[in-house]
Amino acid sequence: MDYFVIQGGKRLRGTIKISGSKNAALPIMAATLMCSEPVVLRNIPDLSDIEYMVTILEKLGVRVDRLEPGTMRFEVVDESISHADYETVRKMRASVCVMGPLLGKRLHARVAMPGGCSIGTRPIDLHLKGFEALGADVDLIEGGDVDCQAEKLEGSEIFLGGHFGSSVTATANVMMAAVFAEGTTVLESAACEPEVEDLANFLVAMGANITGQGSPRIVIEGVDRLDGGEYTIIPDRIEAGTFMVAAAITNSELRLENCRTAHLMAATKVLEDVGVFVEKDNGDVIISSSRLLQPVEITTQPYPGFPTDLQAQFMTLLSLAEGNSVITEKIFPDRFLHVAELNRMGAKLRKEGPIVIVEGVKRLIGAPVMASDLRASAALVLAGLVARGTTEINRVYHIDRGYERIEEKLNAVGAEIHRLDR
Ligand code: UD1
């Protein structure tokens with residue numbers, strides 16, 4: 001199993017190219033199930049989660065060809081299987097994204113209920129409520145599978161808000177199912193995340209009739225078919241935000257290429273409040289820092305608020321601020337597995353329910369730590385970059401799920417991260 005050994009204390013300097021968005025690519029790849037002609041997708045990141053999605057799609061009758069790095073061709077060749085089993089789904093929660101396309105196109109989706117995960121219980125009640133509102137029969141059947149069937153789907157007005165606000169994959173799933181539903185579907189309290197907007201833009205490019213994407217009210221007029229074509233996935237705002245913190249925390253200057261600066265507003269605002277310089281230059285972002293970090297308060301919120309997927313990375317940053325910060329997690333209240341690991345490296349973090357009080361310390365110290373989930377692992381890499389001495393991060397397969405060759409990208413700008421195997 002791979003692990004990282006990071007020699008801390010190196011200054012970073014140079015340019016990093018941001019990869020395509022994982023969370024946009026996964027549902028867009030799933031949406032190719034709905035297309036009657038071949039689809040070519042560009043800017044697909046090279047990640048293990050993407051490989052899982054390829055495997056799932058192949059099992060569901062899609063022929064996938066890798067044309068060149070970052071570009072894949074998808075063609076549906078067999079529509080007879082609509083079952084994504086537990087073996088497939090348990091490896092990646094985002095495999096639930098195939099439900100909407102299967103139900104919409106094949107009028108049948110059988111998908112294993114995703115279990116809990118390391119960032120807490122993650123229900124799919126909103127997805128299922130949406131499918132039912134479109135006229136599907138939804139049953140939990142033997143083997144822990146959810147079975148959704150319909151003779152036909154009909155447009156409906158659907159309120160998609162939940163206890164924690166809107167849901168990204170529920171919006172994606174119900175929007176996809178509604179593409180072929182007869183008449184008009186209105187999704188209220190839809191997720192506004194750029195990844196949902198990108199999915200809608202992809203569907204429109206293939207022939208769907210969708211308006212309002214990027215806002216909490218999405219309107220879908222049913223169409224008979226989606227064709228094929230080419231589409232380029234948006235850049236990954238979470239990868240960009242992670243490297244912004246890498247520059248800020250190491251007292252360095254980095255240029256990030258291929259960003260959508262509009263998607264980085266919440267992270268940029270916090271960094272500026274912390275005292276980091278963020279400059280925009282033609283789609284690139286330049287971050288420089290003198291590492292005199294001011295403490296701040298952060299609350300995670302649905303987009304355009306501060307993303308939960310950057311909460312852990314910013315906690316590492318604020319560990320080194322000149323005073324006390326407060327981080328409140330409003331999306332996944334249990335998403336704090338990094339707290340204990342960062343404390344092992346000398347951070348002073350106190351968790352009280354969904355809030356963490358971050359007492360700034362002068363330095364972090366290298367230690368062996370355990371990656372627990374994707375973003376928590378990124379937070380540990382950032383801590384390792386700045387810590388005194390050597391940090392060993394175990395279970396880096398979590399990082400490989402969502403960051404394309406993170407050690408190569410950081411080493412190219414001056415970090416010292418070794419990937420080893422034992
Ligand atoms: C997506 C992202 C993930 C990100 C999260 C929040 C993908 C593949 N993953 O996850 O990286 O951290 O958005 O921005 O895009 N909820 C319900 N019922 C549901 C669905 C969700 O109560 O049916 C709750 C969740 O438990 C959570 C909140 O709603 O508290 C938001 O979750 P959601 O937006 O659905 O997250 P994901 O789409 O799973």
Side-chain angles (χ1 to χ4, degrees), residues 20-31 45 47-50 52-53 56 89 91-100 111 113-133 138 146 148 158-177 187 189-199 216 233-234 236-239 241-242 263 266-267 299-314 328-338 354 373-379 398-399 401-403:
S21 161
K22 166 179 88 76
N23 286 353
L26 292 172
I28 290 176
M29 289 166 72
L47 304 169
S48 54
D49 269 10
I50 296 292
Y52 290 139
M53 185 54 87
I56 293 165
V89 175
K91 291 196 186 126
M92 182 181 67
R93 230 195 91 82
S95 28
V96 294
C97 288
V98 299
M99 282 179 107
V111 175
M113 275 282 273
C117 68
S118 50
I119 65 172
T121 47
R122 294 170 76 178
I124 57 164
D125 55 311
L126 297 170
H127 306 232
L128 303 183
K129 186 177 108 174
F131 297 150
E132 277 178 333
V138 175
V146 183
C148 307
I158 308 172
F159 179 75
L160 270 184
H163 292 304
F164 297 94
S166 54
S167 159
V168 174
T169 42
T171 304
N173 246 337
V174 181
M175 180 168 73
M176 289 189 279
L187 304 183
S189 201
C192 304
E193 268 69 5
E195 295 77 16
V196 174
E197 190 179 355
D198 204 35
L199 168 65
I233 311 276
I234 54 168
D236 196 310
R237 64 194 169 101
I238 306 301
E239 189 198 24
T242 303
H263 296 166
T299 301
T300 64
Q301 284 170 331
Y303 189 84
F306 187 87
T308 172
D309 283 351
L310 286 176
Q311 177 255 108
Q313 299 90 315
F314 274 69
T328 306
E329 176 54 71
K330 285 239 170 128
I331 311 289
F332 294 112
D334 294 326
R335 189 176 209 177
F336 285 127
L337 290 169
H338 42 286
D373 69 66
L374 172 55
R375 307 304 172 185
S377 317
H398 286 293
I399 304 180
R401 285 189 38 222
Y403 288 90

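Both backbone and side-chain heavy atoms feed into the values below; hydrogens, waters and symmetry mates do not. Counting starts at 1 for both ligands and their atoms, following the listed order. Nothing here was measured: the structure is a model prediction, and the numbers come from that model.
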Proximity flag Gly162 to ligand 1, non-hydrogen atoms under 4.0 Å: no

Contact with ligand 1 for Lys129, non-hydrogen, under 4.0 angstrom: no

Under 3.5 Å: N/O of Pro123 near N/O of ligand 1: yes

Ligand 1 to Phe164 polar contact by distance, N or O atoms, under 3.5 Å: no

Structural part of Arg335 in contact with ligand 1, heavy atom criterion under 4.0 angstrom: side chain

Which segment of Thr308 sits under 4.0 Å of ligand 1 when only heavy atoms are counted: side chain

Residue among His338, Lys330, Arg335 satisfying side chain to side chain donor-acceptor pair (under 3.5 Å) with Gln311: His338

Side chain, backbone, both or neither: the part of Glu195 lying under 4.0 Å from ligand 1 by heavy atom: neither

Region of Phe332 engaging ligand 1 - heavy atom pairs below 4.0 Å: side chain

Test of proximity, Ala94 against ligand 1: N or O pairs below 3.5 Å: no

With sequence neighbours excluded, residues passing salt bridge (charged side-chain N to carboxylate O under 4.0 Å, His left out) with Glu239: Lys409

Lys22 N/O to ligand 1 N/O under 3.5 Å: no

Proximity of Ile238 to ligand 1 by residue part, where a heavy atom lies under 4.0 Å: neither

Test of proximity, Asp309 against ligand 1: N or O pairs below 3.5 Å: yes

